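Every number for a ligand or one of its atoms is a count from 1 in the order of the listing. Predicted, not measured: the structure shown is a model, and the values here were computed from it.
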Amino acid sequence: MPNGAQALMKTLVDAGIEVCFSNPGTSEMHFVAALDNEPKMRAVLALFEGVATGAADGYARMADKPAATLLHLGCGLGNGLANLHNARKGKVPIVNIVGDHATYHVKYNAQLQSDIETVARNVSPGFVRTSQTTEQLCQDAAEAIAAAKGLPGQVATLILPADVSWGEGGVPCAPLPEPELIAADDATVQAVAEAVRSDKKTAILLGGRALREPSLMAAARIAAHSGVKLFAETFPTRIERGVGLPPVERIAYLAELATLQLSEYDNLILVDAKPPVSFFAYPGKPSDLVPEHCTLYTLSTPEQDALSSLTKLADVLGAASAEPELQKPARPSRPRGKLTAEKVCKALGHMMPENSIIVDEAITSGLMLNAMTAGAPRHDIITLTGGAIGQGLPSATGAAIACPDRPVYALIGDGTAMYTIQALWTMAREQLNVTSIIFNNASYSILNVELERVGAEEAGDKAKSQLDISGPVTHFAQLAQSMGVHGIRVHTTEELLKAMEYAQNTPGPHLIEAIVPESLNGVKRKVLPWLLRSLPSLPRPVTKALKQKIAP
Ligand SMILES: Cc1ncc(C[n+]2csc(CCOP(=O)(O)OP(=O)(O)O)c2C)c(N)n1
Ligand SMILES: [Mg+2]
């Protein structure tokens, strides 16, 4: 008879969970020992729990199945919470295994004793369970896995007391049957089809899994046939794009620009997406970005299957054989001159190979990323779904483990990079094909923009110092070297291109630290809030041109 941990390991791999991102402690030792009995389980050590959880997120986005995390009690789980939050918002499946004290030890309130379930509930509202007996453990695990994998994907947390783990008499459990995918019902499809056929201006907002190729193609056929506009949500979990795929305009991060994008539509059809809302509240500005005159329709919810719902809609509209608009090749030219964040994005668009995976956590330095890569060969972009920074380097780690044959580019702000910089160590240890590009602008630049936008203009030196990371300036290339990652600092566009070419031709992880000015600095930063405020009073062609300039 296996012990609990051994049976749990078998239950996990039988359900297709083959990677465990771990940061263990004493209470997880039997699980750690059980790794040796299970050749199908790959164990990947992370030096901070936020790296383990972010890697599990990036892995699942690319592998289309969950990984497990192994975390140490409430404190370990707490350290991993921000990236579990990003996974939750992205509807990404993850199975957390959180070790706990032995059941009989709890009453002594030892040092690490804490309320793990309360910590877990925030990111795992649909499934938190403390397994009570070794016999029951694997049934609990199978249910956790099923909860994580069902639509919408979610974070499931299984708490594993040490005695349940080491106890004899574990019984591996076969995977539970996969639930059937449910398409939108006929009445809903008919109502949406009527909206599309009406003479009102109609847009479809695609989110979640609707941003993957099959759904995009179905939506693009509908667009080609019926003239509806296609939008993508602001922060896609994973969007497939580039040459040969339908181009889709993303809703802008800046609420004023999003309002502008949506203002001309009378109907908005949601497909695996929420109605757009402002990222933050700003004094005197609306939170709800759907125009008042606009009618909302939901073709399919995150619990339903976007692809079969869109296919049904296309059939009802007679759009099934329409010729979709597809992106043509259009790479930017090789950048030259002074190095800027925009030129880094341009260099990427110029040279990235087909099937690249881009993890975008470049914050203000990535303003031009979408435009510069739109006509590049086919690729995926992963974004910061929950707004909790420190996701990019871990996520790139997980994506590279899911897709070892695909180049991964992690585009990361310098402030953001410092939250989970330990991911570099895991990239080196696992020899992952990740090129991390850090935009060192020595600033929390976006917060300086936000400072002006929220109207807190009287900020003095003490306030401004909280948004300034220029003293000391972090040396990311040296940090990378110290963790076994080839690292180089570049000051010019030529140096950047050389470093990118070297990274492309040399397997294993690389870090390129680009010393760049802030994308929104000086006059631009001062003018932006004023410009955004005046958008509603400007003529439409002018506002469209401005949107194109600020956030193409
Ligand atoms: C977990 C978490 N902590 C803090 C923040 C607030 N925050 C948003 S962006 C940012 C700084 C980003 O700086 P950087 O990565 O350098 O990008 P830049 O603004 O310079 O483009 C901070 C601290 C957040 N979003 N999430
Ligand atoms: Mg910065």
Please tabulate, for side-chain N and O atoms in residues 483-491, each donor-acceptor pair with protein atoms closer than 3.5 Å (sequence neighbours left out).
| unit_1 | atom_1 | unit_2 | atom_2 | d |
| --- | --- | --- | --- | --- |
| H486 | ND1 | H510 | ND1 | 3.1 |
| R489 | NE | E513 | OE1 | 3.0 |
| R489 | NE | E513 | OE2 | 3.3 |
| R489 | NH2 | T474 | O | 3.3 |
| R489 | NH2 | E513 | OE2 | 3.2 |

Given R61, which partner from the list D380, I357, T385 fulfils the side chain to side chain contact (heavy atoms under 4.5 Å, CB included) test?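 So the option named by the test is T385.
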
Contacts of type ring pair (Phe, Tyr, Trp, His ring centres under 6.0 Å), residue F127, not counting sequence neighbours: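 For F127 there are no ring pair (Phe, Tyr, Trp, His ring centres under 6.0 Å) partners, ignoring immediate neighbours.
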
Basic-acidic side-chain contact under 4.0 Å: E450, R453: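 Salt bridge present between E450 and R453.
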
In terms of side-chain geometry, is the basic nitrogen of R533 or E452 positioned less than 4.0 Å from the acidic oxygen of its partner?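 Result for this pair is no, no salt bridge flagged.
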
Counting backbone and side chain alike, does N441 bring an N/O/S atom below 2.8 Å of the Mg ion (ligand 2)?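 Yes - counting backbone and side chain alike, N441 has an N, O or S atom under 2.8 Å.
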
Measure from the Mg ion (ligand 2) to each N, O or S atom of S443 and report whether any distance is below 2.8 Å.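 Coordinating: yes.
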
When you measure from the Mg ion (ligand 2) to each N, O or S atom of D414, which atom gives the shortest distance?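 Atom name of the closest N, O or S in D414: OD1.
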
Side-chain contact, heavy-atom cut-off 4.5 Å: M372 with E342?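 When only atoms from C-beta onward are counted, E342 and M372 do touch, with a gap below 4.5 Å.
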
Sorted by first residue and then second, give each salt bridge (Lys or Arg N to Asp or Glu O under 4.0 Å) pair with at least one member in residues 78-93; sequence neighbours left out.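 Residue pairs passing salt bridge (Lys or Arg N to Asp or Glu O under 4.0 Å), neighbours aside: K91-D272.
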
Mind checking what residues have non-hydrogen atoms under 4.0 angstrom from ligand 1?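 Protein residues near ligand 1 are A362, I363, T364, S365, G387, A388, I389, G413, D414, G415, T416, Y419, N441, S443, Y444, S445, I446, L447.
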
